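Here's the structure, in structure tokens; my notes come after.
Throughout, protein chains are lettered first and strands after them, A, B, ... in sequence-line order, and every chain is numbered starting at 1. None of these values were measured; they are calculated from a predicted model.
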2 protein chains.
Amino acid sequence: MSILARMVRTRTFDPAAALTQAVELFAAKGYSETSMEDIVKATGVSRYGIYGTFGNKRELFELALDRYAESMGKQAFLRLLEPDASLDHIRKIFEMRVDDMCCEGQNKGCLFIHTAMELAPQDDDLRDVLQKFMRRMSKLFSIGLESAKAKGEVRKDLDAAAAGELLTSTMFGLVVLARTGFDRKTLNNIVENTLRAMR
Amino acid sequence: MSILARMVRTRTFDPAAALTQAVELFAAKGYSETSMEDIVKATGVSRYGIYGTFGNKRELFELALDRYAESMGKQAFLRLLEPDASLDHIRKIFEMRVDDMCCEGQNKGCLFIHTAMELAPQDDDLRDVLQKFMRRMSKLFSIGLESAKAKGEVRKDLDAAAAGELLTSTMFGLVVLARTGFDRKTLNNIVENTLRAMR
DNA sequence: TGCGTGCCAGAATACTCATTCTGGATAGAG
DNA sequence: CTCTATCCAGAATGAGTATTCTGGCACGCA
């Protein structure tokens with residue numbers, strides 16, 4: 001017990017790891033339903049540490065949003081920039097998302113949707129940031145679709161820009177359905193039908 | 001002497017009208033961001049009247065959700081049951097939705113999405129109700145699509161049930177995009193591309 | 001060995017909110 | 001017109017929460 005207490009007390013905490021925890025909480029429950037107390041508990045970092053490092057809840061949320069977008073990109077979307085990107089890359093992005101949403105009892109939620117629904121209408125800065133991320137997402141989809149088109153996986157007359165926006169919208173629709181308890185099969189079916197329409 | 005006979009003073013407000021106001025607030029801001037104070041102010045009914053008539057916030061929200069679903073049905077979806085329903089009926093539903101979302105400064109929001117994101121994961125009853133509404137929505141879309149198929153507006157091999165679910169998902173994706181400030185043109189474009197894929 | 005800086009837990013502060021309570025006002029039966 | 005159950009506005013209550021403050025302890029440095 002004394003060793004544990006000492007370790008906790010002397011831990012110089014890793015802000016990046018704490019931010020990761022915060023992202024998870026905010027993505028699952030949104031801004032207002034996540035209390036600073038929740039974050040203190042989840043990270044194991046004291047109020048002192050959280051406020052000293054991140055400023056306040058709003059600033060922490062902004063960082064969390066950036067981090068969320070960045071990790072989504074790294075994790076999946078940036079592959080669409082590779083010249084040999086195919087429809088399968090896009091399918092995989094959706095499959096990962098569906099797995100995230102349906103797997104393991106808990107629903108990971110979506111920081112973008114929470115931001116859009118809770119904060120964007122009242123907060124111009126956050127809305128602009130969010131819009132930038134969504135445009136980027138659409139753009140990456142459309143770049144992937146162009147590559148797929150070059151491979152003949154997608155019909156020649158597809159408007160890739162418009163289709164990219166459609167896929168972005170689908171991404172969010174899926175999360176909403178997942179949250180209300182629709183199963184993986186239904187969601188994957190929606191993905192498959194959406195992609196089929198591009199061929 | 002009956003209880004009723006002793007109720008000398010009758011209610012001075014219209015509960016249905018008050019509920020309509022509450023629906024509007026909840027749809028715009030969600031559950032936790034809408035305070036009872038907001039509802040008291042918007043309806044012009046006293047706390048006493050609100051609590052006496054609707055019980056508490058949670059019960060009021062349940063009624064609001066029912067009412068929201070019902071009014072969505074009446075306003076647009078039930079037309080899909082008519083035997084001559086066409087792709088145009090479906091298009092019109094989406095157009096109305098987009099107009100609602102992009103209308104002049106005010107964003108009307110969506111009670112379904114707020115419920116899905118804020119409450120459904122923690123509240124089994126509400127999640128079941130919501131799921132029922134969404135299934136109904138998908139079903140109505142698919143019935144409309146079958147009629148459209150009979151008219152030759154939709155390709156013969158379309159899986160109407162799956163496509164109905166896809167349209168439901170699209171409905172929510174559009175709202176999320178609208179909330180982050182995408183314009184009517186972009187949203188209508190998504191609708192058009194989604195519908196084109198069914199032909 | 002001491003000193004100071006940075007960290008911790010938890011108390012204190014100052015809100016906001018759901019819900020209940022209160023005291024005066026009033027509609028409608030008699 | 002009188003009486004009283006019900007109404008309303010707003011105060012009171014109690015819980016939750018963001019943020020700041022406090023007192024103390026541990027580690028690195030001299």
Legend entry - 5' priority, DNA chain D, between A:Tyr51 and B:Arg47 [closest heavy atom]: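 Whichever sits nearer the 5' end wins; that is B:Arg47.
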Inset, instruction - Would you classify A:Thr34 as touching base, sugar-phosphate or nothing, given that sugar-phosphate means primed atoms plus P, OP1 and OP2, and contacts are heavy atoms under 4.0 Å? - result: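 Sugar-phosphate contact only - A:Thr34 comes under 4.0 Å of backbone atoms but never of a base.
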Please state how far atom [atom1] in [X] lies from atom [atom2] in [N], giving the value in whole angstrom units.
| X | N | atom1 | atom2 | result |
| --- | --- | --- | --- | --- |
| A:Met36 | C:dC15 | CE | C1' | 16 Å |
| A:Asn56 | C:dA14 | CG | P | 19 Å |
| B:Ile50 | D:dC7 | CD1 | C1' | 14 Å |
| B:Glu33 | C:dA18 | CD | C1' | 15 Å |
| A:Ile39 | D:dG16 | CD1 | P | 18 Å |
| B:Phe61 | C:dT19 | CZ | C1' | 19 Å |
| A:Arg58 | D:dT17 | CZ | P | 20 Å |
| B:Lys41 | D:dC8 | NZ | C1' | 17 Å |

Legend entry - Candidate nucleotides C:dT19, D:dA18, D:dC8, ranked by approach to the side chain of B:Tyr48 - the nearest: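 So the side chain of B:Tyr48 is nearest to D:dC8.
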Inset, instruction - Only counting residues at least two apart or in another chain, list the ones meeting side chain to side chain contact (heavy atoms under 4.5 Å, CB included) with B:Arg196. - result: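 Checked B:Arg196 against side chain to side chain contact (heavy atoms under 4.5 Å, CB included); matches are A:Arg155, B:Asn193, B:Arg199.
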Legend entry - Test side chain to side chain donor-acceptor pair (under 3.5 Å) applied to B:Thr186 and B:Asn189, B:Asn188, B:Asp183, the passing residue: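 Single pass found, and it is B:Asp183.
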Legend entry - Test: A:Asp38 and A:Lys41 ion pair at under 4.0 Å: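 Judged by the 4.0 Å cut-off on N to carboxylate O distance, A:Asp38 and A:Lys41 do not form a salt bridge.
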Legend entry - Nearest atoms (heavy-atom pairs only) where A:Arg67 meets A:Val23: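 Taking A:Arg67 first and A:Val23 second, the nearest heavy atoms are CG-CG2, 3.7 Å.
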